[in-house]
Amino acid sequence: MHVDWTAIEEKWRKRWQEERQFESDPDPRKKFFVTVAYPYPNSPQHIGHGRTYTLADVHARFMRMQGYNVLFPMGFHYTGTPILGMARRVQENDRELLENFRTLYKVPEDKIAGFSEPVKIADYFHEEIKAGMIEMGYSIDWRREFTTIDPFYNRFIEWQFRKLKEHGLVVQGTHPVGWCPRDHNPVSQHDTLGDVEPSFTEYTVIKFKYDRFILPTATLRPETIFGVTNIWINPDVTYETCMVDGEEWIISPECAQKLAYLNKKVARTGTVVGSDLVGKTATVPERNVEVPILPAPFVRSDNGTGVVMSVPAHAPFDYQALEDLKKGKPIPGLDISTLAPISIIETDGYGEVPARDVIEKMGIKSQTDPGLEEATKEIYSKEFYGGRLRQNTGRFHQKTVAVAKEEVKRQMIEGGSADIIYELNEHPVRCRCGAECVVKLLDNQWFLNYSSPEWKEKVHSWIREMKILPEEIRNEFDNVVDWLKERACARQHGLGTKLPWDPNWIIESLSDSVIYMAYYTISKYVNSGTISPGRITDSFFDLVFLDIGDPKKVSSDSGVPPQALEDARKEFQYWYPVNARHSGRDLVPNHLTFFIFNHLAIFPKKYWPEEIVVNGSVLMDGKKMSKSMGNIIPLRSAIRTHGADSIRLAILISAELLQDADFNQEAVRGIKGKLESLVLESSKYKEPRPSALEQEDRWIYSRLQQVISETTLAVQKMRLREALHHVLYEFEADLEWHAKRAAAKKRSDHAGIMHDILTARAAMLSPFAPYAAEEMWHNLGNTGLASRASWPSPDDSKVDLLALQSESLLRRTLDDIRNIVKVTKITPKKITIYTAAPWKGAAYQRILAKVTAGEVNIGNIIKSLISDPETADIKKDPDFVKKTVNDILSDPQGDRDSKNRAGLVDEARVFSEISTLVEADYGIGVQVFSESDQAKYDPKNKARTARPYKPAILIE
RNA sequence: GCGGGGGUCGCCUAGCCUGGUCAACGGCGUAAGGCUCAGAACCUUAUCUCUUAGGAGUUCGUGGGUUCAAAUCCCACCUCCCGCACCA
């Protein structure tokens, strides 16, 4: 029979919607407020996005069934630059992007036409994503939906920022950034062609004096100034002379460009060809000595300043170049033969001139040898970590290189003989727009001061108290907090809210998305038009969120009617704080941590977030999803092929929270089949259950209670994979056993029992597979909605410990019979079972008590048993004790307890039911004797090996 | 470099926090059987080694330790993966 999932989904979705099942308003019940990081609508969502939302939805649905008033809202994050970039690429007719829209995202042509406007892109994918969420069955209260460019939201973010500023948490600073000169915007890895990280390194520029000019050399090793023997200059480059902040520098043309971005005032005054400088001398700062300027074709004009200082003792390049120069043709008017390396650093394992040592060791013969790179690295790291400065460095004598480097740099900068420039580590780096990136010193940028020690400490202490799932991620939060520094919170382009006190800046997307959960509590009133953004002032937010201010005054100032103001306040106070926030683990080092930081800064403690739940990502057939692999499956098309529930389960069941979930067709098909069989099965059983319960019935009810409590516990810990296993698979084996027992007895009265059990299973399945659960619920003839049913709670009165022990004894005995048959390969003609003699039962109880009390020493146990006449028979069979102790130890803790509590089962009675089962398997009956039965049939003398819960078996 | 997480029976994975339920869940693969004209799907059984009595032996990256008992706790080592900022 076929199950039409599309029809089922539509039917129940419609019902949920019509009955407004998931629209939540404050009421007297306890509330539960669950949120997920809202999506950025620049593409349709795919299977991977579905994971976090599905987890949150399961959480919401579970809590709802537990009796909480649950709010699960959703918004859309329009803030940011990627959509802006997309719009521009549309304007430029970017073929690849347009192709993606058409074939990958299936955007209708008339929509694409509007995509030159960024908001149109966001609006389109917003609706697309929303439709997918509805189809997935997420129990979202859509009345509270908003986007981050809504005017009211803007007012809210402005309030947030003014608050942060009041608390002194917004600071201004000047920092170097990777920069696109065309976009006038910072660039990061995502903004570059080929996703190159525009990383850069700080160089110290050392100012050598030449005539009236400054010859600046860029270096990573300012401390080697003491070992400089000469200057290298490229004779073929035409240098520029420029006024740089009042000094006249000789630099390469490229360097002049770079300096301009580093906020230097640069004015060109002329040019000078490199070869004209060769043979002249320059003064070394700090040392006040003259060194010659020598030609070096390896000096690149696009690197640093185009002028290089030479430290042959510690820089292999310099050493080799000098050697080569000495061997080459003489430079007129200059004797370089006496130019010797000046050693200034002492390092274990190296001689006077480490550069020479390495060059000789590596067999390097000329300055074009690529091995020089390697040699430089070696020296740099060995000297940096192990080197100390020599006496000829004056007051830096004995200092380690690591320390001296910083001190020399600082001292020289303070003395005006050095400066700082930044150089991209690899260039060129190109922006997505095609322009070549530079390093820019960005002035007076706004930062959130996440370095503040007090703020950090406050966050640390709250992290210690919060619920964080899974637990192992808590540590990571602490590390992120420690590591976090100031973070730029505004940029110059993109969608978003303007910085209230400086409208040239737009608040950056990771900073306007940290306390918006509070906004959900009032967005309902904004959407209904009850409150409007027109005259909204900070006092409105102060009153609603912080309970500060006079309602009358706020009402008249903001134009919000008193009642609406009061409603909004009550609504916020009811729902806040956030009880659970769900997100992917990629947001731990940023959003989730900022979320904590900002809540702590702005809200009083009672409104701080209670719990964070973090999940891993989704793989596609074991591989990472990526556009280039073409393995991204859009969520909505997956729903059409597999059905929403199957996708939900496939994502949830393949991994625990933090693991990467693997989505594969195989698994989805399996789950779909499983759900279909459950749905079909649910039409078969009707109430009522039989009045008299057989042992196997009491057993299956007992098992049901256990499954309920195990499942509940698992969901509470968000171990959804485990929970689903209990509901879907683990219990299945029990049901099969029950069916087998019933069939062996030729019973036909247990439909009502199955009805009970399926009803409980439907309820427990409801948070995970809501559509299938509704259908099952309905098929079973239950009233109302499964989504609104109570979550089953375990009923201890239905747990029959003896039934549990008895059934497990039956199963184990059948297993033993099967094992014997298998090993001996005989076809059974006659099966005899012997239960243990009564004294063994008594001994078993004693031993169980001892073991439970922690006594596992066989000798001690035997002694105490012998001393008691009731169990003195143990002398006849000391091995019994050892075997029994092992039996008990190999039982799970819970089983031992239940055996302890239930007392011994009446094995003779239990085995009276085994015949029908053996008959079903082997076509013959079973004879049962007690070991103590004098008249027993026991040709092989087997009976004596019987133990409680381990009968002796004879198969012939 | 800094920080985080792993290495389990052919493969993927559970178990580890809270030591005995562990020869170790589950899935895939493989083999046999069932079903079928055949195949796909599905179902059953098996899948470390040995074993004609329900058993025994050797396993959970490597080496050591704690314990009556270790995949699980402790120490050391080897090794793999991920994140590292003005980006959502």
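Below, chain A is the first sequence line, B the second, and so on; all start at residue 1.
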Q) Taking atom P of rU21(B) as reference, at what distance in whole Å does atom CD of E710(A) sit? A) 17 Å
Q: Give one of base, sugar-phosphate or nothing for R474(A), where a contact means two heavy atoms less than 4.0 Å apart.
A: nothing
Q) Can you name the residues that form a side chain to side chain donor-acceptor pair (under 3.5 Å) with N590(A), not counting sequence neighbours? A) none
Q: Taking R51(A) for its side chain and V618(A) for its backbone only, find out whether a donor-acceptor pair lies under 3.5 Å.
A: no
Q: Determine the interatomic distance between C1' on rC74(B) and the same-named atom on rA24(B); round to the nearest Å.
A: 23 Å
(Q) Measuring from atom OG of S583(A) to atom CG of L592(A), what distance do you get when rounded to the nearest 0.5 angstrom? (A) 4.0 Å
Is there any protein nitrogen or oxygen under 3.5 Å from a nitrogen or oxygen in nucleotides 54-57 of chain B, and what are the pairs?
| unit_1 | atom_1 | unit_2 | atom_2 | d |
| --- | --- | --- | --- | --- |
| rG54(B) | O2' | D816(A) | OD1 | 2.9 |
| rG54(B) | N1 | P951(A) | O | 3.1 |
| rG54(B) | N2 | D816(A) | OD2 | 2.7 |
| rG54(B) | N2 | P951(A) | O | 3.0 |
| rG54(B) | N3 | D816(A) | OD2 | 3.3 |

Q.
Regarding I473(A), tell me which of base, sugar-phosphate or nothing describes its non-hydrogen contacts under 4.0 Å with the strands shown.
A. nothing
**Q.** Separation between the P atoms of rU79(B) and rA31(B), rounded to whole Å
**A.** 38 Å
Using nucleotides 1-3 of chain B, report all nitrogen or oxygen pairs with the protein that are shorter than 3.5 Å.
| unit_1 | atom_1 | unit_2 | atom_2 | d |
| --- | --- | --- | --- | --- |
| rG3(B) | O3' | N479(A) | ND2 | 3.2 |

**Q.** Inter-nucleotide C1' distance (rU66(B), rA76(B)), Å rounded
**A.** 15 Å
(Q) Would you say T79(A) places a side-chain N or O within less than 4.0 Å of OP1 or OP2 belonging to rA88(B)? (A) no
(Q) The criterion is ring-ring contact (aromatic ring centres under 6.0 Å, His included); which residues satisfy it with F594(A), sequence neighbours excluded? (A) Y450(A)
What does the list of N/O pairs under 3.5 Å between the protein and nucleotides 40-47 of chain B look like, with a distance for each?
none

Q. Taking the P atom of each, how far is rU59(B) from rG64(B), in whole Å?
A. 12 Å
Q) Would D816(A) and K950(A) pass as an ion pair if we require N to O under 4.0 Å? A) yes
(Q) Counting the atoms with a prime plus P, OP1 and OP2 as sugar-phosphate, which does V481(A) contact under 4.0 Å by heavy atoms, base, sugar-phosphate, or nothing? (A) nothing
Q. Mind checking the P distance from rG27(B) to rC42(B)? Whole angstroms is fine.
A. 12 Å
Q) When the C1' atoms of rU47(B) and rG10(B) are considered, how many whole Å apart are they? A) 10 Å
Q. Honestly, is K485(A) close enough over F447(A), meaning NZ or CZ under 6.0 Å from the six-membered ring centre and within 45° of the axis?
A. no
Q) Who pairs with R703(A) by salt bridge (charged side-chain N to carboxylate O under 4.0 Å, His left out), at least two apart in sequence or on another chain? A) E730(A), D734(A)
Q: Take atom CZ of R944(A) as the centre, draw a 6.0 Å sphere, and report whether it contains more than 12 heavy atoms from other residues, nucleotides or ligands.
A: no
(Q) Using a 3.5 Å limit on both distances, find every run of at least three consecutive Watson-Crick or G-U pairs that involves RNA chain B. (A) B:1-7 with B:78-84, B:10-12 with B:26-28, B:29-34 with B:42-47, B:48-50 with B:55-57, B:61-65 with B:73-77
Q: Mind checking ring-ring contact (aromatic ring centres under 6.0 Å, His included) for F161(A) and listing every partner two or more places apart, or none if nothing turns up?
A: none
Q: Take the protein atom NZ of K829(A) and the nucleotide atom P of rA53(B), then report the distance between them rounded to whole Å.
A: 18 Å
Q. Contact class for T81(A) vs. all strands (heavy atom < 4.0 Å): base, sugar-phosphate, or nothing?
A. sugar-phosphate
Q: Could I get the full list of ring-ring contact (aromatic ring centres under 6.0 Å, His included) partners for H493(A), not counting sequence neighbours?
A: none
Q.
Give me the distance, rounded to whole Å, that separates rC78(B) from rC68(B) when you measure between the C1' atoms they each carry.
A. 32 Å
Q. Using atom C1' of each nucleotide, how far apart are rC25(B) and rC9(B) to the nearest Å?
A. 13 Å
Q) Which part of the nucleic acid does N590(A) contact within heavy-atom distance under 4.0 Å: base, sugar-phosphate only, or nothing? A) base
Q.
Applying ring-ring contact (aromatic ring centres under 6.0 Å, His included), can you list everything that pairs with Y516(A), at least two apart in sequence or on another chain?
A. Y38(A), Y520(A)
**Q.** Partners passing salt bridge (charged side-chain N to carboxylate O under 4.0 Å, His left out) against K942(A) (at least two apart in sequence or in another chain)
**A.** none
Q: Could you pull out all residues at least two apart from V438(A) that satisfy side chain to side chain contact (heavy atoms under 4.5 Å, CB included)?
A: W179(A), P181(A), Y261(A)
Q.
Under 6.0 Å between ring centres: does that hold for Y78(A) and Y40(A)?
A. no
